[in-house]
Chemist: 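Can you read through this structure? Questions will come right after.
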Amino acid sequence: MKRFRILFTTELKLSLRSPDAILFSLLMPVLVLVVIALIYGPAGSADGQSSMIEQTFGAFISIGICAIGLMGLPLVLAEYRHKKVLKRLQVTPVHPGLLLGVQFAVQTLMALLSAALVIIVAFVFFGLRLEGSPEAIAAAYLLVLVSIFSIGLLIASTAKDIKQAGIICSILYFPMLLFSGTTIPIHVFPQPLQTAAGILPLRQGIILLNGISNGDSFTLFGPQVTVLLLIAVVATLASIFTFRWDMDSAR
Amino acid sequence: MDTNLEEVLQVQNLSKSYGSFTAVKEISFTVQRGEILGILGPNGSGKTSTLESTLGSRSRSGGTVSVLGMDPVAQRRRVFQKVGVQFQDSAWQTGIRVGELCKATACLYEPIPQWRGTLERFDLEKRIRTPVESLSGGERQKLAILLACIHQPRLIFLDELTTGLDPLARRETWRYIKQLQSAGSTVVLTSHYMDEVEELCSRALILHNGSIVAEGSIPELVSHGGSHRLEDAYINIIEGVSP
């Protein structure tokens, strides 16, 4: 536990020293919220209907998950392999699971900070009111986070080098960011594209999060919960089994 | 198992190929407890490939390795609790500071070793809050050796330990290595400096094109090379086997 704490503190400090992490992980989600709120109008409609922000609350708090899980997490680990930091760690007694776990925990904290910023800004400036219970929203949020992060871990384990990791991250990140209903509201897309977007795990996560934050029950989202859980388990296990310290190292 | 405990490292028929290029050709050697073994050879002769495929940092193409009676790949975590390694190109996280790196490295061992004393000894304690990338080349090299030895390892691998160090730092590093040796550690090092090898090593092997072309105690190598100094003997040996 002491070991975990020391490594966690070190990696968190390094994360907070990185301007990329601050900009893309912490500030971008709030910026998107503000821009969308200004375009669509913040307040709820006069007839008591929930506002645009409330209907798509799940999308806003998912931007951080997407940026951190599909960019921050895998690229940090790919960079550690590229810079031979992992090679140095291979010749110490550290368990690879501890390194992955520490990075997962650090990036989770970054995502939580980014979600907290979004919630505070939405609450204070745009009159956010949510129907769903905080516990249920937190549970749905964590499920989406674990699922998307596990994809990030798998990229980190399998990418051949940092260049390839960057390409895979971009291929997954930008479509998920654009077509899952995070930055651009999903309803502006033609119906076939909306249907196709359903294949993106983050789209399923946002459907779940939007529903739960509007007060719907988990039981309505069986397929979403199943898909997200399945991705989380399979991708995490696969990332542990395919983990390499260095591209030429013995396993 | 106890009967063979004096041999802390056994390498048998070790090979390493990169595609069609064979960097290490079925070499075998052993290291006895308490020895300092030098691995010498020109650039590209296979020193680093030998060291790294012995440790599992690179995959082996053939052969067997036993480190303290264990397989460094299958029993990696147990092996590196007792073994320390300094690579030629040491690597750190971007932005990490000296103290943070020492702390994060020390905590990987059981029990967690003290490291501030060694930092003072290497004259690095004033650098504790300095980012590692802002250190001078010599300071970084000293830090790399310090980190490799932070847990008082029984067996230490040092790849070009004093490259980039000034004469004073070199002497201090030598004293430190000898002190580790008298405390019971065994050392395997690669070097291009024959004065260093004469000063530190009890035995050396000379690699050329991935094969061992000479091996023995320093006096044996000197006479084998038909000279009075190791440097001349080394050059004679290498020129003797070069086409």
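Side chains included, hydrogens not; waters and symmetry mates left out as well; all remaining heavy atoms used. Residue numbers begin at 1 in each chain, while the letters A, B, ... track the order of the sequences.
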Chemist: Considering only heavy atoms, which portion of A:Arg3 lies under 4.5 Å from any heavy atom of chain B: side chain, backbone, both, or neither?
Modeler: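 Interface part for A:Arg3: both.
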Chemist: A quick test of your reading: do over 12 heavy atoms of other residues, nucleotides or ligands sit less than 6.0 Å from CZ of A:Phe24?
Modeler: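 Incorrect, the count does not exceed 12.
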Chemist: Of the backbone (N, CA, C, O) and the side chain (C-beta and beyond), which part of B:Thr94 lies under 4.5 Å from a heavy atom of chain A, both, or neither?
Modeler: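 Contact with chain A: backbone and side chain both.
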Chemist: Can you tell which part of B:Phe87 gets under 4.5 Å to a heavy atom of chain A, answering side chain, backbone, both or neither?
Modeler: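 Side chain of B:Phe87 only, per the 4.5 Å heavy-atom cut-off to chain A.
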Chemist: Show your reasoning for whether side chain to side chain contact (heavy atoms under 4.5 Å, CB included) applies to A:Asp246 and B:Ser57.
Modeler: CA-CA 7 Å; A:Asp246 190 60; B:Ser57 299; over 6 Å; no
Chemist: Would you mind checking which part of B:Glu110 comes under 4.5 Å of any heavy atom in chain A, side chain (CB onward), backbone (N, CA, C, O), both or neither?
Modeler: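 Contact with chain A involves both backbone and side-chain atoms of B:Glu110.
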Chemist: Is B:Arg76 reaching over with its side chain to a backbone N or O of A:Gln90, donor-acceptor style, under 3.5 angstrom?
Modeler: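 Yes, because the side chain of B:Arg76 sits within donor-acceptor range (under 3.5 Å) of the backbone of A:Gln90.
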Chemist: Using every non-hydrogen atom in the two residues, find where B:Tyr109 and A:Pro93 come nearest and quote the distance to one decimal.
Modeler: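 For B:Tyr109 versus A:Pro93, the nearest heavy atoms are CE2-CD, 3.3 Å.
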Chemist: Between A:His95, A:Met247, A:Lys84, A:Lys2, which has the largest tally of heavy atom pairs under 4.5 Å with chain B?
Modeler: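 Looking at each of A:His95, A:Met247, A:Lys84, A:Lys2 in turn, A:His95 comes out on top.
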Chemist: Please name the pair of heavy atoms, one in B:Cys107 and one in A:Ile6, separated by the smallest distance, quoted to 0.1 Å.
Modeler: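 Closest pair (atom of B:Cys107, atom of A:Ile6, distance): CB-CD1, 3.6 Å.
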Chemist: In terms of heavy-atom contacts, does CZ of B:Arg116 have more than 12 from other residues, nucleotides or ligands at under 6.0 Å?
Modeler: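 No.
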Chemist: Test B:Ile96 against A:Leu14 for side chain to side chain contact (heavy atoms under 4.5 Å, CB included), laying out the working first.
Modeler: CA-CA 7 Å; B:Ile96 198 165; A:Leu14 294 176; 3.9 Å; yes
Chemist: Would you please test A:Thr10 and B:Leu101 for side chain to side chain contact (heavy atoms under 4.5 Å, CB included) and show each step?
Modeler: CA-CA 8 Å; A:Thr10 312; B:Leu101 181 60; over 6 Å; no
Chemist: Would one find more than 12 heavy atoms of other residues, nucleotides or ligands at under 6.0 Å from atom CZ of B:Arg78?
Modeler: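 Count not over threshold, so no.
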Chemist: Could you give me the CA-CA distance, side-chain angles and deciding distance for A:Leu89 and B:Thr105, then say whether side chain to side chain contact (heavy atoms under 4.5 Å, CB included) is met?
Modeler: CA-CA 8 Å; A:Leu89 289 167; B:Thr105 304; over 6 Å; no
Chemist: Among A:Thr92, A:Val94, A:Asp248, A:Leu86, which residue forms the greatest number of heavy-atom pairs with chain B at distances under 4.5 Å?
Modeler: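 Greatest number of close heavy-atom pairs with chain B: A:Asp248.
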Chemist: Judged by modelled atom types alone, do A:Glu11 and B:Gln93 share a side-chain donor-acceptor pair under 3.5 Å?
Modeler: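 Present: a donor and an acceptor within the cut-off.
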Chemist: For B:His192, does the NE2 atom have more than 12 heavy-atom neighbours from other residues, nucleotides or ligands under 6.0 Å away?
Modeler: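 Yes - once you tally the heavy atoms of other residues, nucleotides and ligands closer than 6.0 Å, there are more than 12.
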Chemist: Answer yes or no: does atom NZ of A:Lys83 have more than 12 heavy-atom neighbours from other residues, nucleotides or ligands under 6.0 Å?
Modeler: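 Yes, NZ of A:Lys83 has more than 12 neighbouring heavy atoms, counting only those of other groups under 6.0 Å.
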Chemist: Is B:Tyr18 close to chain A through its backbone or its side chain, or both, or neither, when contacts mean heavy atoms under 4.5 Å?
Modeler: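 Contact with chain A is through the side chain of B:Tyr18 alone.
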Chemist: So for atom NZ, which belongs to B:Lys25, do other residues, nucleotides or ligands contribute more than 12 heavy atoms lying within a distance under 6.0 Å?
Modeler: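 Check passes, neighbour count above 12.
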Chemist: Please answer whether the main-chain N or O of B:Trp92 pairs with a side-chain N or O of A:Arg88 as donor and acceptor at a distance below 3.5 Å.
Modeler: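 No, the answer is negative, given that no donor and acceptor are paired below the 3.5 Å cut-off.
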Chemist: Looking at chain A, which one of B:Ala104, B:Ser53, B:Ala91 has the largest number of heavy-atom pairs inside 4.5 Å, strictly under?
Modeler: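 When all of B:Ala104, B:Ser53, B:Ala91 are compared, B:Ala91 has the most.
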Chemist: Might you confirm whether atom CD of A:Gln164 has over 12 heavy atoms from other residues, nucleotides or ligands at distances under 6.0 Å?
Modeler: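 Yes, enclosed.
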Chemist: What's the spacing between B:Glu100 CD and A:Thr9 OG1 if we round to 0.5 Å?
Modeler: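 The CD atom of B:Glu100 sits 10.0 Å away from the OG1 atom of A:Thr9.
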